[in-house]
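Chain letters run A, B, ... following the sequence lines, proteins first and then strands; every chain starts at 1. No hydrogens, no waters, no symmetry mates; every other heavy atom, side chains included, goes into these values. This is a predicted model, so every value here is computed, not measured.
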Amino acid sequence: MPPANDDEHCKTPKSPAISPPADTPPVPSSIPSHSGELAAVADTPVGRRAYVLEFDPGSFRDRDGRVFERAGEIYRLVSDSALLDWRALRETRCFYGAVERGELIETREAEGISSEVAGRRWAGVLHHEKVPFVSYPYEWSFGMLRDAALLQLELLAGALEEGLNLKDGSAYNVLWRGARPVFIDILSFQRFDGRPFWPGYRQFCQMFLNPLLLQAWRNIAFQPLLRGSLEGITPRQCRRMLLTRDFFRRGALTHVLLHSQLEGMTGSGPRVNGPPQGPQSVQHNVRGLRRIIRGLEWRPGQSTWSEYAQCNSYSAEDHAAKREFVATAAAASRRQLVFDFGANTGEYSRLAAEHADLVIALDADAVAVDRMYHELVKSGVTNVQPLVFDLADPSPGLGWRNRERRPLEERGKPDLVLSLAVIHHLVLGRNLPLTEVLDWFAGLTKELVIEFVDLEDPMVRLMLANRQDRDPDYTLERFEALLQERFHVVRRVTLPSGTRTLFHAVTSGS
Amino acid sequence: MTTLFAYMDPGTGSMLLQLLVGGTAGLAVFGRHLWQSLAERFQRHQPTQAERISA
């Protein structure tokens, strides 16, 4: 099946010419730089060319490859053994089936662009389809992590049947196309070596199984735990958070209790002498893990916001007026990327999605996000991506040099931001200064749809029932003046109830 | 501390556990591993050539 990305690099025949043309400057072995830039050499039809590239800062863990972006396309340099593994993978039925179903990223060998970086000659270059937005497991809801885990196991089961194995089990190998998970790490697939182990089993337990067990059985939110440790939750930590009665549940005794007892063991591992083993034992384990994870369900009860769409202070007239306002603003032009902060169950994200390539629907409430995720899956909307995200406690830069996992603003620049009934939570609820919140929005986007909720609004009165302190800036007049200092207001509507006002604002330059 | 191991390190304990949960195929390998470990422990120590010479 031909991948959708028909790139010029891939069509170019491999050039036999290696000698550099006269106008090509000599290539240094590496360019000393603090930004991580590296000198690279590419074989092009007109000879060898030098260029500068920067590796993706999150792609170094697997020594068999490095990812870089060039002209908006994603490439991966691969080692000798990884190239052989890839060639074995592309011959399999499971590869084509998974790519066809959208479960595995489309990949092909990029000829003519290889492959000497900082003095190292790599064996080959792969060209990957680009997934539109990067997100991390600590921003997913329970249902999302569960479906990502099942995808990982399904791919492993398919690979095992055709003589392959997965070398890891990291949740960071999964990204999302809207509400559908896609496995991005082609280099995880390697030829089965006859040892009856899945090397990624421990990692899978720490990044998928244990977080899911804790959420489903103990209602412990996994997002702060996964954000706190990129390695995930160890069996020992998980064991300590479970109650005795949990160890009677399926999987807890072996994957958590026994695993935690064996956790500290060091050494070369169990020796497997004699003839190479088949994958039956790994397959048995995978079937067991699938059964456990399929049986997990999170029953959170009601959260503060999960019922918000059904029971809020909006009258039917307010609701209709708000929908009309957002729909008009969204229809003004076609956007590539929209952020919807405080998306709740995604009603307005879907309105915006009718005129956008992708809407990132963010909410701090994991219950609301999980409900949104299931509704999106059911309805088949493909361009809304739900994420658990708290504006007042956002995803930081994490990992090596704090660049392996990036803050939200570094992962994409939205053409439009929706901030509907959020500002009072930030300013009144979390004490963020109004001026700084508006500054942040102005730095993030050139177009903003924002709802101001008055102090007289019943929801705000409820919020402030036990509080005395007020931000003196928090009045409609002051808010409007501050907004106009940063944006040009193109439309303004006060909802019929009179306590909520919507603004459609654009930066002066746009 | 497991976090001291490399990214791809499957962990010795985790490998052993996989044999235990790996059904009959895994148990067969686990049994063989156990048998070999026990046999080694109870086997009479065979002096190496170097030890024989120094003796």
Side-chain angles (χ1 to χ4, degrees), chain A residues 60-64 167-170 172 187-188 190 195-206 229-232 234-237 251 253-274 277-289 292, chain B:
Chain A
F60 62 88
R61 299 258 184 167
D62 184 348
R63 289 203 177 90
D64 280 325
K167 72 165 79 154
D168 55 12
S170 170
Y172 293 88
L187 257 53
S188 287
Q190 60 182 12
R195 299 195 317 151
F197 309 110
W198 169 23
Y201 166 71
R202 182 173 64 91
Q203 210 174 26
F204 181 87
C205 289
Q206 296 192 174
S229 165
L230 292 181
E231 302 286 331
T234 65
R236 201 169 292 166
Q237 290 166 331
L253 215 53
T254 44
H255 297 290
V256 181
L257 186 63
L258 200 52
H259 204 171
S260 72
Q261 299 295 334
L262 297 171
E263 204 178 325
M265 279 182 79
T266 51
S268 57
R271 284 165 302 158
V272 183
N273 295 337
Q277 306 288 315
Q280 292 82 1
S281 136
V282 187
Q283 283 168 326
H284 192 274
N285 189 15
V286 170
R287 276 196 297 274
L289 287 168
I292 296 166
Chain B
M1 281 291 290
T2 48
T3 43
L4 291 178
F5 299 130
Y7 170 68
M8 298 297 175
D9 188 287
T12 302
S14 303
M15 287 163 85
L16 256 182
L17 182 69
Q18 286 188 65
L19 295 178
L20 283 174
V21 296
T24 36
L27 280 177
V29 181
F30 183 76
R32 203 154 58 231
H33 164 74
L34 204 65
W35 177 252
Q36 278 163 1
S37 318
L38 286 174
E40 259 170 42
R41 181 170 296 183
F42 292 110
Q43 230 165 32
R44 221 151 43 95
H45 177 67
Q46 299 288 327
T48 63
Q49 194 177 0
E51 282 169 335
R52 275 201 299 274
I53 290 167
S54 64

Distance-minimising heavy-atom pair for B:M15 and A:F197: O-CE2, 3.3 Å
From [X] atom [atom1] to [Y] atom [atom2], the distance as rounded to the nearest 0.5 Å:
X: B:L17; Y: A:N285; atom1: CG; atom2: CG; answer: 7.5 Å
X: B:T12; Y: A:E263; atom1: OG1; atom2: CD; answer: 12.0 Å
X: B:L27; Y: A:H284; atom1: CG; atom2: NE2; answer: 8.5 Å
X: A:H255; Y: B:L20; atom1: NE2; atom2: CG; answer: 11.0 Å

My understanding is that only residues two or more places apart in sequence, or in another chain, count here; which of them pass side chain to side chain donor-acceptor pair (under 3.5 Å) with A:Q190? none
Can you tell which of A:W198, A:Y201, A:F204 makes a side chain to side chain contact (heavy atoms under 4.5 Å, CB included) with B:S14? A:Y201
A:G278, A:G200, A:S281: which one forms the most heavy-atom pairs within less than 4.5 Å of chain B? A:S281
